[in-house]
Amino acid sequence: MDNETIGSTLDQVADLLEIEGASVFRVRAYRGAARTVSALASPVSTLPEKGPGSLEELPGIGKDLAGKIRELAETGELAMLHELKSRTPESLIHLLELPGLGPKRAKAIHEGLGIDTIEELEKAAREGRLRALKGVGPKLEAQILEGIAARAARGKRISLAEAEAQVEPIVARLREVPGVLRIEVAGSYRRRRDNVGDVDILVAADVSVAIGKKLIADPQTDKVLADGDTKTSVLLKSGLQVDLRVVPEETFGAAMHYFTGSKAHNIAIRTLGVRKKLKISEWGVFQEDKRLSGEREEDVFEAVGLAWVPPEIREDRGEIDAAREGKLPKLVERAELRGDFVAGKPDADELAAITSAWRAKGGAWLVVIGAPRSVIERAREHAGVELFAGRVVTIGEGGSIGASEEELAEVDVVIGEIDAANLAEKALTQALVAAVETGCLHVLARPFGAGKPRQFDVEAVAKACRERGVLLGLDARFLQGADGYARAVKEAGARLALTSHARNVEEVELLRYGLDQARRGWCEAKDVANTLSAGELRTFLARG
DNA sequence: GCCGTTTTCGGCCCGACTGTTTTCAGTCG
Ligand SMILES: Nc1nc2c(ncn2[C@H]2C[C@H](O)[C@@H](COP(=O)(O)OP(=O)(O)OP(=O)(O)O)O2)c(=O)[nH]1
Ligand SMILES: [Mg+2]
Ligand SMILES: [Mg+2]
């Protein structure tokens with residue numbers, strides 16, 4: 001079973017335990033493990049059984065959870081989950097998707113009314129039977145019916161680019177409201193996750209500004225989910241949820257920290273505070289109810305003895321220890337990028353437009369993939385950036401390279417791509433290592449199958465790449481799991497190549513989404529080949 | 001279920017909004 005499926009299975013366990021009324025801390029442990037396993041770059045089977053790097057060494061995973069994760073990885077089954085399902089119907093998990101319906105009410109609905117499914121719930125709500133339950137009245141009943149009706153319209157997670165497109169005009173309108181002192185998008189958007197579940201906006205303003213009402217009146221707003229003094233949530237017409245938080249300017253820093261998250265990072269920071277007898281919340285840092293600070297985001301970190309942590313790595317995956325020890329990475333920045341890999345299909349005019357746009361951005365070189373040499377030669381004359389000829393070659397199942405030596409000699413950069421659909425994890429790893437060891441490749445593309453990243457032993461492959469001077473490609477068009485991939489590559493001492501595959505001027509912009517994921521993967525300039533100068537790249541290509 | 005410059009037992013982040021409630025539980029961020 002792959003890591004993502006193990007993660008969602010552990011989340012199912014957490015849901016069922018929660019419905020059963022298990023300890024919230026036990027539930028949290030399962031959710032934490034789910035999150036940790038989903039983020040692993042390589043399959044569980046590649047981790048050592050014991051000692052450094054083993055499952056049990058991962059924070060929040062002890063003997064018990066490690067055993068369950070191994071059981072899932074090896075057999076695809078979990079005995080405990082079967083037992084849970086025999087006690088509590090699995091279908092109850094779907095009730096939790098309805099807004100306002102959590103584990104307590106799901107349990108009450110199941111036990112009090114014998115309801116197991118959304119269909120039964122809808123029938124009961126229509127007949128007014130839900131209000132027989134303690135704590136449920138006509139309003140909740142109506143809300144549940146509405147939730148069932150609106151189920152399909154409520155959006156799923158969307159890409160960061162899509163979220164940017166939707167939210168930028170809204171933020172622009174809110175920014176113009178008189179009395180808005182500061183406005184920033186926080187949450188997973190600020191942490192630059194490749195997909196976001198909602199958009200979280202923080203505003204510094206007086207309550208009298210009633211900024212929440214302005215969001216409610218926005219042309220894109222469809223439905224109001226909640227509306228209080230400091231917090232408003234709406235659903236846009238697109239189905240995207242927007243959460244708005246309003247605070248006075250003097251608590252903007254602490255509020256930014258809270259609203260940026262992640263949840264796991266917040267809990268870790270607040271726990272450090274508790275040990276120092278401090279209380280940390282969106283309202284500031286407090287000692288015995290006396291407010292110490294909170295105007296700046298740094299205040300929160302300083303209060304617990306940490307350096308300011310870049311939002312991209314606030315995931316409780318080691319950044320807190322690093323911030324304490326002064327070992328935070330100096331994350332690679334946009335201004336440091338000098339090269340990109342673009343698609344070769346464009347005609348000479350399009351290529352000229354791309355090269356001049358890239359030069360205008362401060363770029364120094366481009367690898368043009370798949371263009372005829374003649375096109376590149378001609379483009380070179382007016383390019384103003386150095387052009388390299390690139391070619392994609394197919395890697396066979398045994399790691400063979402699908403091109404002749406003469407063909408390879410015609411280009412400057414050889415990019416190996418494997419058709420991974422039919423290979424198991426181990427065979428895939430072996431094929432990739434073998435391909436790298438032919439010495440023919442300059443870049444190894446990230447393997448995908450059926451539109452999803454394929455699992456393999458990233459550490460083993462990245463180490464082979466490091467030895468052979470091969471870059472690991474990170475395609476900015478396909479970023480699922482790219483942050484974990486980047487981190488594993490960096491930790492193996494290898495180097496990434498971010499590739500936009502731009503076919504036109506607009507798509508050159510895509511590279512920054514790749515950069516975001518490299519940053520989430522703790523990458524510094526030295527970990528990303530796009531920061532090399534043209535001369536340095538040339539030397540690298542010559543395996544110098 | 002995990003974990004330990006307090007601890008191997010007994011804690012585990014903190015607050016806003018809603019509905020149903022005569023004082024707070026549930027859900028969500
Ligand atoms: N302290 C604390 N903060 C939380 C909790 N839940 C959420 N937050 C904070 C951190 C989150 O990043 C921020 C926004 O919440 P969201 O539910 O929108 O999560 P986030 O944006 O991280 O991910 P998303 O893509 O929306 O699923 O609020 C919590 O239980 N405790
Ligand atoms: Mg969010
Ligand atoms: Mg949110």
Side-chain angles (χ1 to χ4, degrees), chain A residues 10 13-14 17-19 21-34 36 55-69 80 95-109 130-144 147 186-188 196-202 207 212 224-234 241-247 251 254-286 289 294 300 304-305 316 321 324:
Chain A
L10 291 174
V13 171
L17 282 172
E18 214 172 6
I19 293 171
S23 145
V24 294
F25 305 108
R26 186 162 170 236
V27 171
R28 187 186 292 172
Y30 278 88
R31 294 211 192 281
T36 300
L55 265 180
E56 268 136 299
E57 296 256 306
L58 294 173
I61 297 181
K63 218 168 151 53
D64 183 86
L65 277 166
K68 291 189 167 105
I69 292 164
M80 177 221 194
L95 304 192
L96 304 179
E97 289 162 19
L98 302 172
L101 218 172
K104 297 281 176 6
R105 286 175 184 148
K107 182 181 165 83
I109 286 167
L130 294 187
R131 61 188 82 175
L133 297 170
K134 193 171 62 147
V136 180
K139 288 227 174 144
L140 265 172
E141 209 169 54
Q143 187 189 320
I144 284 170
S188 50
V196 302
D198 67 5
V199 172
D200 306 285
I201 303 175
L202 181 66
V207 276
V224 181
L225 300 174
D227 183 28
D229 286 343
T230 70
K231 196 176 134 174
T232 301
S233 288
V234 303
Q241 182 172 330
V242 174
D243 293 333
L244 181 75
R245 200 65 207 261
V246 197
V247 296
T251 79
M256 267 305 265
H257 180 264
Y258 151 71
F259 218 23
T260 297
S262 65
K263 174 179 170 174
H265 170 90
N266 286 357
I267 291 178
I269 293 282
R270 290 172 180 206
T271 303
L272 289 181
V274 169
R275 294 208 194 115
K276 288 182 180 286
K277 304 228 182 288
L278 299 173
K279 185 179 61 157
I280 296 169
S281 76
E282 62 266 48
W283 299 106
V285 179
F286 299 84
D289 288 346
V300 175
V304 290
D316 193 22
D321 284 342
R324 185 185 300 112

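Worth knowing before you read on, the calculation uses all heavy atoms, side chains too, and leaves out hydrogens, waters and symmetry mates. Here is how names work: the chains are called A, B, and so on, in the same order as the sequence lines, proteins then strands, and each is numbered from 1. All figures in this text were calculated on a predicted structure; none of them were measured in a lab.
Counting any heavy atom pair closer than 4.0 Å across all strands shown, Val24(A) reaches no nucleic acid atom. Backbone-only contact: Lys68(A) has heavy atoms under 4.0 Å from sugar-phosphate atoms and none from a base. At a threshold of 4.0 angstrom between heavy atoms, the contacts of Asp64(A) are confined to the sugar-phosphate backbone, with no base atom among them.
Taking each heavy atom of Ser188(A) and Gly197(A) in turn, the nearest pair found is OG-N, 4.4 Å. Here the shortest heavy-atom pairing between Ser233(A) and Asp243(A) reads OG-OD1, 2.6 Å. Annotation for Ala66(A) and Glu56(A): closest pair CB-CG, 3.6 Å, computed over non-hydrogen atoms. Residues Trp283(A) and Thr251(A) come closest through the heavy atom pair O-CG2, 3.8 Å. Residues Ala186(A) and Phe259(A) come closest through the heavy atom pair CB-O, 3.5 Å.
For the pair Ile61(A) CD1 and dG1(B) C1', the computed distance is 11 Å after rounding to whole Å. Distance, Glu56(A) CD to dG1(B) P: 14 Å, rounded to whole Å. If you measure from atom CG of Leu202(A) to atom P of dG15(B), you get 17 Å, rounded to the nearest angstrom. If you measure from atom CZ of Arg275(A) to atom C1' of dG11(B), you get 11 Å, rounded to the nearest angstrom. Spacing between atom NZ of Lys63(A) and atom C1' of dT8(B) amounts to 16 Å, rounded to whole angstrom units. Rounded to whole Å, the distance from CZ on Phe286(A) to P on dC13(B) is 18 Å. The interatomic distance linking Ile280(A) (CD1) with dC12(B) (P) rounds to 15 Å, in whole Å. In this structure, Arg28(A) atom CZ and dG11(B) atom P are separated by 15 Å, rounded to whole Å.
Across dC13(B) and dG29(B), the matching C1' atoms stand 12 Å from one another, rounded to whole Å. For the P atoms, the distance from dG1(B) to dT5(B) is 23 Å, rounded to whole Å. Here the separation of dC28(B) from dT23(B), taken at their P atoms, is 25 Å to the nearest Å. dC24(B) sits 9 Å from dT20(B) when the C1' atoms are compared, rounded to a whole Å. Distance noted for atom C1' between dC2(B) and dT7(B): 14 Å (whole Å). A distance of about 13 Å separates the P atoms of dT21(B) and dG26(B), rounded to the whole Å. Taking the C1' atom of each, dT6(B) and dC12(B) are spaced 15 Å apart, rounded to whole Å.
dT8(B) is unpaired under the criterion used here, namely a Watson-Crick or G-U wobble arrangement in which both key atom distances are under 3.5 Å.
Between Ile267(A) and Leu225(A), the residue anchored nearer the 5' end of DNA chain B, judged by the nucleotide with its closest heavy atom, is Ile267(A). If you find the closest nucleotide of DNA chain B to Gly228(A) and to Glu57(A), the one lying nearer the 5' end belongs to Glu57(A).
Thr230(A) has a side-chain polar atom (N or O) that falls below the 4.0 Å cut-off from OP1 or OP2 of dC17(B).
Looking at Gln143(A), its side chain does come within 3.5 Å of a backbone N or O of Pro99(A) through a donor-acceptor pair.
In this structure, Ile19(A) CD1 and Leu96(A) CG are separated by 4.5 Å, a value rounded to the nearest 0.5 Å.
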Next item on the list: Produce a footprint string for nucleotides 19-29 of chain B: one letter per nucleotide, 5' end first; B if the base is under 4.0 Å from any protein heavy atom, S if only the sugar-phosphate is, - if neither.
Entry: SS-----SSSB

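Of the charged side-chain nitrogens involved, none lies within less than 4.0 Å of a carboxylate oxygen, so that Glu282(A) and Lys231(A) do not count as a salt-bridged pair.
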